[in-house]
Amino acid sequence: DQQVKQNSPSLSVQEGRISILNCDYTNSMFDYFLWYKKYPAEGPTFLISISSIKDKNEDGRFTVFLNKSAKHLSLHIVPSQPGDSAVYFCAASVSSGDKLTFGTGTRLAVRP
Amino acid sequence: DAGITQSPRHKVTETGTPVTLRCHQTENHRYMYWYRQDPGHGLRLIHYSYGVKDTDKGEVSDGYSVSRSKTEDFLLTLESATSSQTSVYFCAISETGTASSYNEQFFGPGTRLTVL
């Protein structure tokens with residue numbers, strides 16, 4: 001039972017354009033959401049997060065949007081850069097809990 | 001960078017042999033986690049620890065055991081490795097267990113395990 005889903009396994013975007021990565025969840029108890037970025041042969045690194053009390057959080061070129069009624073979140077990268085090419089995982093948690101549930105990941109390729 | 005190391009970084013073993021992976025941290029964080037990453041499954045939690053000698057199961061714990069005798073070390077053991085346990089294993093640490101903007105999980109570099 002995949003509680004966090006990333007339905008697009010891959011995405012290709014031109015440099016300078018917007019990248020939009022999507023994530024859906026099924027567990028209505030989730031109230032904290034994160035995005036991690038992973039380069040080959042490295043561990044994932046934290047990118048940005050959002051609490052369910054917000055619908056948007058922005059950090060430089062990265063913005064995460066949360067639509068609680070649709071149980072959907074998205075990560076926007078503007079403008080996309082070749083160095084953004086990586087696998088992106090979304091993750092969710094119950095804030096009173098101690099575990100993260102990860103999605104299957106989306107591989108982003110930014111073309112120069 | 002958070003001080004997390006994993007050893008070995010690569011291992012090839014045969015079915016039926018025992019394997020132990022080590023995670024070592026220098027951050028004095030209370031929580032430690034073991035994940036496996038597989039194509040089509042993302043990262044799945046195997047076991048985690050919320051203190052010395054305090055551990056609990058994750059979603060894919062069958063065939064794995066863990067031990068934590070010191071704050072800095074978290075060991076993952078495959079008692080009798082199977083080909084289905086071929087994967088990349090990641091250790092993670094966090095200061096507390098509650099996800100928040102002040103408490104992210106930091107990941108180690110991973111161990112690639114191949115079971116023939």
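All values below were derived from every heavy atom in this structure, side-chain atoms included, with hydrogens, water molecules and symmetry-related copies excluded. Just so it is clear, the model here is predicted, and its values are computed rather than measured.
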Worksheet entry | Cluster overlap Leu75(A) with Leu11(A), hydrophobic side-chain contacts below 4.5 Å | yes
Worksheet item: When hydrophobic residues are tied together by side-chain contacts of less than 4.5 Å, even through go-betweens, does Leu75(B) share a cluster with Val60(B)?
Response: no
Discussion item. If we define contacts as heavy-atom pairs under 4.5 Å, which of Pro9(A), Gly43(A), Pro44(A) has the most with chain B?
Written reply: Pro44(A)
Worksheet item: Does Glu59(B) reach the side chain of Lys99(A), with side-chain heavy atoms less than 4.5 Å apart?
Response: no
Item to complete: Working to the nearest 0.5 Å, report the span between CZ of Phe89(A) and CD of Gln37(B).
Response: 4.0 Å
Worksheet entry | Lys5(A) atom NZ, over 12 foreign heavy atoms within 6.0 Å | no
Discussion item. At a heavy-atom distance under 4.5 Å, which candidate from Val4(A), Thr104(A), Val87(A), Thr101(A) has the highest pair count against chain B?
Written reply: Thr104(A)
Item to complete: Evaluate the side-chain proximity of Tyr36(A) to Glu104(B): yes if any heavy-atom separation is below 4.5 Å, no if none is.
Response: yes
Discussion item. Report which part of Arg9(B) has an atom under 4.5 Å of a heavy atom belonging to chain A: side chain, backbone, both, or neither.
Written reply: side chain
Worksheet item: Do Phe62(A) and Val110(A) sit in the same hydrophobic cluster, where Ile, Leu, Val, Met, Phe, Trp and Tyr count as joined when their side-chain heavy atoms come under 4.5 Å apart?
Response: yes
Fill in: Enclosure of Arg17(A) CZ (heavy-atom neighbours >12, cutoff 6.0 Å)
no
Item to complete: Would you indicate whether Glu15(A), at its atom CD, is surrounded by more than 12 heavy atoms from other residues, nucleotides or ligands within a distance under 6.0 Å?
Response: yes
Practice prompt. State the CZ-CZ distance between Phe106(B) and Phe46(A), to the nearest 0.5 angstrom.
Written response: 9.0 Å
Worksheet item: What part of Ala41(A) gets closer than 4.5 Å to chain B, counting heavy atoms only: side chain, backbone, both or neither?
Response: backbone
